[in-house]
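Starting from 1, each residue takes its place in the sequence as its number.
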Amino acid sequence: MDDRLRAVINSYKSSGVPVRYTDIEEGEEWVPCKDGVRLRVFWFRPVGGRSWPTIVQRSCYPMAHEMYRVHGQELARRGYAYICQYCRGTGGSEGQWEPNINEPSDGADFIRWADGLNWVESIGYWGCSYLASTGWAITGALPAKVKSMLLSHYGTERFTSAYQSGLFRHDILTAWAMGNAGREIKADYLKSCRYRPHVKVDKALWGGELPWYREWVTNIHGSDPYWKEGFWKFMSDAPRKLKVPVCIVEGWYDHHLGSALESFKNLSLEAAAHSRLVIGCWNHGFQPCAQGKVQEHLENDEVHQVLDWFGETLLEKKSPARRVDWYVIGEDAWRSWSDIPAGQTELVFYLDAGRKRLEGKAEADREISYQYDPENPVMSRGAESLFASFQEVGSLEQPEPDYRPDVVSFLSEPLEQSVTLLGEAKVELFVKSTAEDTAFTAKLMEVTSEGKAYNIRGSIATLAYETPYVPGEVRKTTVSMWAAAYQIQSGSRLRLDISSSDFPQYAIHPNLPGIWAKQESTQTACQTILTGESYPSRAVLPVGE
């Protein structure tokens with residue numbers, strides 16, 4: 001037994017939910033879909049001639065089969081039945097694997113089949129990542145026995161998970177495509193991300209076209225029909241169709257966070273009244289990821305979350321109270337609200353290009369420039385939307401200020417008292433460039449009294465994403481960041497790094513106008529940041545009590 005399986009078993013043992021049944025049984029069946037394709041199902045339940053509250057999953061990851069078996073065995077010992085189905089074309093199921101497209105129909109067939117089993121008393125749907133997407137895909141087809149859902153680390157707004165201001169999130173979706181293409185791809189990952197024109201990387205390096213990946217990398221606007229029609233429109237509407245309570249679990253440094261927040265906001269009134277949003281300080285694998293911070297109260301055990309939620313909704317048959325639980329990084333504590341919180345006031349810091357400082361008010365007009373070469377991008381270090389580059393995910397210690405010629409660092413004076421960032425920070429920049437289109441990044445950090453810098457939030461903006469740009473003109477651009485709950489300690493400084501690349505978290509902007517994935521070349525650009533009373537570049541932080 002490997003360490004991961006052993007850790008999961010220990011989580012069940014430490015959950016406080018006692019073993020009630022020592023005799024369990026298991027079986028396998030084939031569930032037919034409407035088109036006659038049969039999908040493989042395996043199940044566990046306590047021995048006995050009664051019906052059981054049942055936790056169900058749908059997965060495309062047969063490599064995790066032993067983990068699912070452990071969950072099935074441990075849940076059965078605690079009074080649940082467990083059913084897992086492999087998606088079409090995976091894990092022995094019939095048919096051809098194609099990500100996402102078949103999940104609404106196949107999932108609806110599956111959940112109706114489970115609803116008809118005489119040994120199923122009630123149903124709770126549980127899934128994390130792709131297993132959560134298969135849950136969201138059936139929210140409009142849930143039969144009467146389904147009482148609740150627990151969906152972790154996934155959001156239904158796919159465009160939000162794929163793009164930020166027109167730049168593709170390579171480390172999520174390029175990496176996922178390479179690992180789930182239906183064939184083995186041995187090409188180098190970073191070389192694949194940098195291939196130009198990127199839209200042809202599949203034929204050039206991956207052994208053949210992936211039409212669905214080409215769609216992802218060429219539809220750069222959320223208003224494109226690709227995102228507003230078909231499957232992704234269906235998924236965007238999924239929260240509005242849900243009528244049962246859902247517990248949405250996320251991590252501050254999980255790449256689906258932004259999308260999952262939108263899913264919670266879009267829940268139907270019926271579901272929203274009894275649903276829960278939990279966001280903790282962990283990555284996609286529920287692992288702690290805030291260096292330099294005390295983290296003794298993370299509550300990052302997925303097994304405990306499952307047993308708590310389904311214990312309440314299936315075993316105790318309760319309707320949960322609506323609640324939003326956020327872990328505050330730096331405070332090592334959880335706070336609860338009835339809705340998504342927002343900062344009560346704004347803390348504003350103005351950039352001073354002359355002294356490279358963050359000030360309480362705008363100073364005299366100044367500017368600072370740097371050269372951005374797309375062939376030499378800034379590599380991601382400490383980030384919120386990475387997956388393949390797992391070692392770089394989270395709030396991590398950062399290099400020294402101005403560690404590259406194309407990174408400009410601004411520092412504040414030490415804070416006189418602690419402040420809690422609570423919500424979505426943003427950086428408003430007045431900039432100009434020699435390119436017709438380009439990008440600007442912003443990374444907000446805490447610099448401790450010991451001089452160590454840790455990233456809080458970062459993001460990117462494309463200069464001509466919405467309106468064509470004339471080289472040399474001054475333009476205001478806003479770098480919007482995902483929500484955060486982070487206590488910055490008294491005596492710490494704020495640091496803001498401005499640059500033009502953050503790779504592979506985001507695709508490298510080639511400094512050319514048009515769709516990034518179709519560009520065959522790049523060019524170097526001179527980037528200028530303007531500050532002062534005429535050009536009040538500033539960082540805006542929502543602050544709560």
Checklist entry - Ignoring hydrogens and geometry, is there a side-chain-to-backbone donor-acceptor pair from R69 to H65 under 3.5 Å? => result no
Checklist entry - Should L5 and M67 count as side-chain neighbours, where that means a heavy-atom distance under 4.5 Å? => result yes
Checklist entry - Say you draw a straight line from CG of L190 to CE of M379; how long is it, rounded to the nearest 0.5 Å? => result 5.5 Å
Checklist entry - Relative to W119, does R45 satisfy both conditions: NZ or CZ under 6.0 angstrom from the six-membered ring centre, and within 45 degrees of the ring's axis? => result yes
Checklist entry - Any side-chain donor paired with an acceptor under 3.5 Å for Y125 and T134? => result yes
Checklist entry - Any luck finding a side-chain donor-acceptor pair between S236 and E157 under 3.5 Å? => result yes
Next on the checklist: Distance alone, cut at 3.5 Å: any donor-acceptor contact between the side chains of Q57 and Y82?
Outcome noted: yes
Checklist entry - Mind checking whether W216 and W176 have parallel, tilted or perpendicular rings, split at 30° and 60°? => result tilted
Checklist entry - Between F286 and H153, is the ring centre distance below 6.0 Å? => result yes
Next on the checklist: Just so I know, are the side chains of T174 and Y213 near enough to count as touching, which here means a heavy-atom distance under 4.5 Å?
Outcome noted: yes
Item to check | Y163 side chain to N219 side chain, donor-acceptor N/O pair below 3.5 angstrom | outcome: no
Next on the checklist: Under a 4.0 Å threshold between the charged nitrogen and the carboxylate oxygen, would E520 count as salt-bridged to R196?
Outcome noted: no
Next on the checklist: Taking E424 first and then K426, would you say they form a salt bridge - that is, a charged N and a carboxylate O separated by under 4.0 Å?
Outcome noted: no
Checklist entry - How are the rings of Y86 and F42 set relative to one another: parallel (under 30°), tilted (30 to 60°) or perpendicular (over 60°)? => result tilted
Checklist entry - So, do Q85 and V41 sit near enough that their side-chain heavy atoms are less than 4.5 Å apart? => result yes
Checklist entry - Any luck finding a side-chain donor-acceptor pair between D301 and S11 under 3.5 Å? => result yes
Next on the checklist: For Q96, is the CD atom crowded, meaning more than 12 foreign heavy atoms sit under 6.0 Å from it?
Outcome noted: no
Checklist entry - Going by heavy atoms in the side chains, are Y68 and L131 under 4.5 Å from each other? => result yes
Item to check | Pair W337 and W326, ring centroids less than 6.0 Å apart | outcome: yes
Next on the checklist: Looking at K241, I'd like to know if its NZ atom is crowded, meaning that more than 12 non-hydrogen atoms belonging to other residues, nucleotides or ligands lie closer than 6.0 Å.
Outcome noted: yes
Item to check | Residues E312 and K318 bridged, charged N to O under 4.0 Å | outcome: no
Item to check | Beyond-backbone contact of I279 with L261, side-chain heavy atoms, under 4.5 angstrom | outcome: yes
Next on the checklist: What I'd like to find out is whether the side chain of L142 reaches to under 4.5 Å of the side chain of L242, using heavy atoms alone.
Outcome noted: yes
Checklist entry - Is the closest side-chain heavy-atom distance between R194 and E375 below 4.5 Å? => result yes
Checklist entry - Only one of R169, K443, R457 forms a salt bridge (Lys or Arg N to Asp or Glu O under 4.0 Å) with E384, so which one is it? => result R457
Checklist entry - Pick one: which of R40, R88, R38 meets salt bridge (Lys or Arg N to Asp or Glu O under 4.0 Å) with E94? => result R38
Checklist entry - Is the number of heavy atoms from other residues, nucleotides or ligands within 6.0 Å of NZ (K191) greater than 12? => result no
Checklist entry - Would you call D308 and R276 a salt bridge, taking side-chain N to carboxylate O under 4.0 Å as the test? => result no
Checklist entry - Looking only at side chains, do W212 and E98 share a donor and an acceptor under 3.5 Å apart? => result no
Checklist entry - Side-chain donor-acceptor pair under 3.5 Å between H256 and S161, yes or no? => result yes
Checklist entry - Should the ring pair F231 and F234 be called parallel, tilted or perpendicular, given that the plane angle runs from 0 to 90° and is split at 30 and 60? => result parallel
Next on the checklist: Parallel, tilted or perpendicular, judged at 30° and 60°: which one describes the rings of H198 and H170?
Outcome noted: perpendicular
Checklist entry - Do H509 and F440 have ring centres separated by under 6.0 Å? => result no
Checklist entry - Just checking, any donor-acceptor pair under 3.5 angstrom between side chains of E103 and Y130? => result yes
Checklist entry - Do the side chains of I138 and P104 get nearer than 4.5 Å, heavy atoms only? => result no
Checklist entry - To the nearest 0.5 Å, what is the distance between OH (Y506) and OG (S501)? => result 12.5 Å
Item to check | Criterion side chain to side chain contact (heavy atoms under 4.5 Å, CB included) against Y465, the qualifying member of T467, T462, L463 | outcome: T462
Item to check | Greater than 12 external heavy atoms within 6.0 Å of E466's CD | outcome: no
